[in-house]
Engineer: 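Just dropping this structure here.
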Amino acid sequence: MVERRDTDSRTLLRRLRDTLATPGGGQDRLDHITHLIADSMHTQVCSIYLFRDPETLELCATEGLNPEAVHQVRMRLGEGLVGRVARTGVAVNTGDAPSEPGFRYMPETGEEIYSSFLGVPIQRVGEKLGVLVVQSREAREFSEDEVYGLEVVAMVIAEMTELGAFTGDQGGIGSAHRFPVMFRGATGQEGAAEGRVWLHEPRVVVANPVGDDPDAEKARLEEAVATLQAHIDEMLIGSAAMDKEQRQILEAYKMLAHSRGWVRRMCEDIDLGLSAEAAVEKEQSTARARLEQSTDAYLRERLHDLDDLSNRLLRLLTGQGKDTGAELPENPVLVARNIGPAELLDYGRKLKGVVLEEGSVGSHAAIVARALAIPLVIHAARVTNEALNGDQILVDGDQGIVHLRPEESVAGAFRDKIAMQAEAQKRYADLRGVPAQDKSGQNVSLMMNAGLMADLPSLNSSGADGVGLFRTELQFLIRSRVPRRGELAALYKRVIDAAQGAPVQFRTLDIGSDKVVPYMKPQEEPNPAMGWRAIRVGLDKPGVLRMQLQALIRASEGRPLSVMFPFIAAPDEFNTAKAMLMREIDRESTLNRPVPRDVRVGAMLETPSLAFAPDSFFAACDFISIGGNDLKQFFFAADRENERVRRRYDTLDVSFLAFIEAIISRCNANDVALSFCGEDAGRPIEALTFAALGLRTLSMRPASIGPVKHLIRRVDLAVLKQVIDAARARGDQSVRHAVTAWLASQ
Ligand code: PEP
Ligand code: MG
């Protein structure tokens, strides 16, 4: 009985495959396929619905329903039983379709006479392509074998769709990966870019979904699985040095790779006629659909393990490596699930943009993208499923939006935006040599934020007065081991050399919590942003901080040196860190090595507590820099990484401005230099407002210096201060409206 089922299935799959070889267009093939399936399954109806766009399904072929309905009947994702199958990725099997919840009657099709309904998703690696349906008059549920058999058939149709078997003829069936798709993600780095997709991990192409010799296919599969298991076992043997958590992940991998159920199911798929590759994909898709429904975070996390294992297995079976020999297109936009900072740096400035499915604002990749000034959109769900190498893509880092294969009208509007930005940049370049001085002669110093050697040419091109924030963590994040003192000293020296006498404020390491360096044990912390990070790590484990301070002293070679400590929440922390620096300078001095001519020691004000520290703290600081990104998240209790809340409170909210003003007063009273180096310093309206309130140094992305300078030179800051005061007196919650309205009137 089972043998007969297998033989029937194999015969059907072979016939399906043969349609690929028959001449004729996509519509002819689809029509033929529905006929073959209905015949083989002994049902009166077989229909194929494919996505017309990501939200709409269209009846593309049918055996048994009204032929007039083909290409006329459409439904939205989730609508009716077909829409339900598409949305959930799970089969619907019923003997009484009209009584099923969500059933939608479509008179055009003439389906009212068919009672039983079996719909299965046509999907590939989590990518939804359509729905395959069989219906019959007889009121009966389909057997497990029949459901399973239809899923196998759907897998072959999915592969055929991917291979473009049904495209481009009179039926007007769009192939997968042809629709324009928009992804709404989140901003990782601002800016706009147009280019061509470059997949960091290219998709595996399965050229033959049908296997002719089940024994040979099973042997291939078993060999590949054995190789995969051996790889993982080797990794585990070499994992003695790993911490518990990393080992646990590998163990989970191992369990999955050795799971008998997984291999058995794939062998059953092969018995029904699939090739080994198609069997891997089928099990991946089925498990994916199941896991995606789960509300259990641990299970959902296993999705990645499953995808990784399946992809490795597919690469073993097809022999397709990550390097497909494809050439990086012109204007490449990198599309990936996630990417490490070192890999991103390898691509470097060649990239026009980056789009990630995962990532976060503070992730290493985001830090690198920011340093390279490449527009970055994160949380673009499923983009790696949709995008193909070479696809046209627009990245709007300002809005966190990505347009894949855009309509010409969208692309046109987008190009206008890029052109306007480029035009403005050209105008700003002319301002390079002039000071950021307002109409009354008040100067504001504009510095730049940096973190890579690659940033340094911007010192000249942007006209920055110096580096207000040099983030040193990147050098630690991109290595697999702690950098050596000599390496760091050489790098810091190059930075100081490049600045040619302009000040550089080095911020010591801000790692810990979510910025995990590869050689440091990751901490499970409930609130990483408020956890063991930055100076807290530096003081608890002083070895690395000390080494970094020594490197900075050596790099200065007797020239002036500015060092600031991140995330100081209490004066004690600053005093201890400063004493450490002084001790290291003394030590160098006793060794007769050159010591910095002038040492300036500062604190980053990133926690509200520090604004209320005693005067003695301010007196001990040579300078203070407001880390607005962190300060704002703690002031409003709104996580800067959480898209739901991070834009909820305006920087120009009068409460926040009052707080900034209080910090300015305290610094003025204690004669301490003050700057602002969070991202807001680079936003023109915010920068102008800060300057009007009395901030005289702003440090920002190099690309922001032009726009900010342009605006400062157009206004009288004292007059703007009156506008701000009037808005506050009126009781406005934010001064944004008042400032922009006043600017427009200028
Ligand atoms: C800040 O918090 O504003 C800051 C400049 O530091 P980072 O963004 O690196 O945390
Ligand atoms: Mg910070």
Side-chain angles (χ1 to χ4, degrees), residues 187-190 341 359-373 376 378 446-452 455 464 466-478 504-517 527-538 548 562-569 573-574 577 602-611 623-642 646 649 651 656 659-660 663 674-683 686-687 690 695 697-702 704:
T187 298
Q189 160 70 19
E190 279 123 355
S360 64
V361 182
S363 66
H364 312 163
I367 295 167
V368 173
R370 217 167 289 151
L372 295 171
L376 164 69
I378 55 176
L446 304 185
M447 317 265 281
M448 64 173 242
N449 295 346
L452 290 173
D455 294 327
V467 179
L469 164 67
F470 191 90
R471 291 181 164 104
T472 59
E473 47 274 11
L474 273 172
Q475 316 308 326
F476 287 77
L477 292 172
I478 59 181
V504 180
Q505 296 183 166
F506 287 98
R507 172 177 82 179
T508 62
L509 209 48
D510 181 359
I511 50 156
S513 71
D514 57 334
K515 290 185 198 162
V516 183
V517 289
N527 283 305
M530 294 196 275
W532 195 56
R533 57 175 282 201
I535 197 66
R536 300 171 181 178
V537 180
Q548 194 183 20
S562 290
V563 177
M564 61 179 172
F565 297 109
F567 212 64
I568 299 284
E573 293 170 336
F574 177 74
M604 282 195 70
L605 198 155
E606 302 184 273
T607 61
S609 63
L610 208 60
F623 64 95
I624 285 177
S625 192
I626 299 176
N629 306 336
D630 274 312
L631 187 64
K632 197 175 139 194
Q633 77 166 336
F634 298 122
F635 186 79
F636 288 113
D639 189 342
R640 67 194 261 196
E641 299 266 344
N642 183 338
R646 74 189 200 97
Y649 305 98
T651 304
F656 190 59
F659 187 50
I660 297 288
I663 298 169
L674 176 67
S675 61
F676 187 109
C677 67
E679 295 300 314
D680 284 321
R683 302 197 168 105
E686 281 80 340
F690 292 156
L695 262 165
T697 304
L698 301 171
S699 192
M700 62 197 74
R701 299 193 281 138
S704 296

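Order of appearance sets the numbers: ligands from 1, and atoms from 1 within every ligand.
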Engineer: Could you tell me which N, O or S atom of D630 is nearest to the Mg ion (ligand 2)?
Structural biologist: OD2

Engineer: Mind checking whether the Mg ion (ligand 2) has an N, O or S of E606 under 2.8 Å?
Structural biologist: yes

Engineer: Less than 3.5 Å between some nitrogen or oxygen of E473 and one of ligand 1, yes or no?
Structural biologist: no

Engineer: Show which atoms of ligand 1 fall inside a sub-4.0 Å distance from at least one heavy-atom site of D630.
Structural biologist: 1 (C), 2 (O), 3 (O), 10 (O)

Engineer: Counting from 1, what ligand 1 atoms have a heavy atom of G678 closer than 4.0 Å?
Structural biologist: 3 (O)

Engineer: Is it the case that the side chains of Q548 and T472 hold a donor-acceptor pair, with the cut-off being a distance below 3.5 Å and no angle test?
Structural biologist: yes

Engineer: Say you draw a straight line from SG of C677 to CG of L698; how long is it, rounded to the nearest 0.5 Å?
Structural biologist: 10.5 Å

Engineer: Taking both backbone and side-chain atoms of L469, is any N or O found less than 3.5 Å from an N or O belonging to ligand 1?
Structural biologist: no

Engineer: Does the gap between the ring centers of F635 and F659 come in under 6.0 Å?
Structural biologist: yes

Engineer: Answer yes or no for R640: is there a heavy-atom contact with ligand 1 below 4.0 Å?
Structural biologist: yes

Engineer: Is D510 salt-bridged to R533, going by a charged N under 4.0 Å from an acidic O?
Structural biologist: yes

Engineer: Within a distance under 4.0 Å of any heavy atom of G627, pick out the atoms of ligand 1 and give their elements.
Structural biologist: 1 (C), 2 (O), 3 (O)

Engineer: Counting heavy atoms only, which of K632, Q633, E606 comes nearest to atom 2 (O) of ligand 1?
Structural biologist: E606

Engineer: Sequence neighbours left out, what passes salt bridge (Lys or Arg N to Asp or Glu O under 4.0 Å) with E573? Give chain and number order.
Structural biologist: none

Engineer: Purely on distance, is any nitrogen or oxygen of E679 under 3.5 Å from one on ligand 1?
Structural biologist: no

Engineer: Look at E190 together with R683 and state whether they make a salt bridge at an N to O cut-off of under 4.0 Å.
Structural biologist: yes

Engineer: Rounded to the nearest 0.5 Å, what's the gap from CE on M564 to CZ on F506? Could you check?
Structural biologist: 10.5 Å

Engineer: Using a strict cut-off of 4.0 Å, indicate which atoms of ligand 1 neighbour a heavy atom of C677.
Structural biologist: 5 (C)

Engineer: Using the test side-chain hydrogen bond (donor to acceptor under 3.5 Å, both in side chains), find all partners of S699 that sit at least two apart in sequence or belong to another chain.
Structural biologist: N449

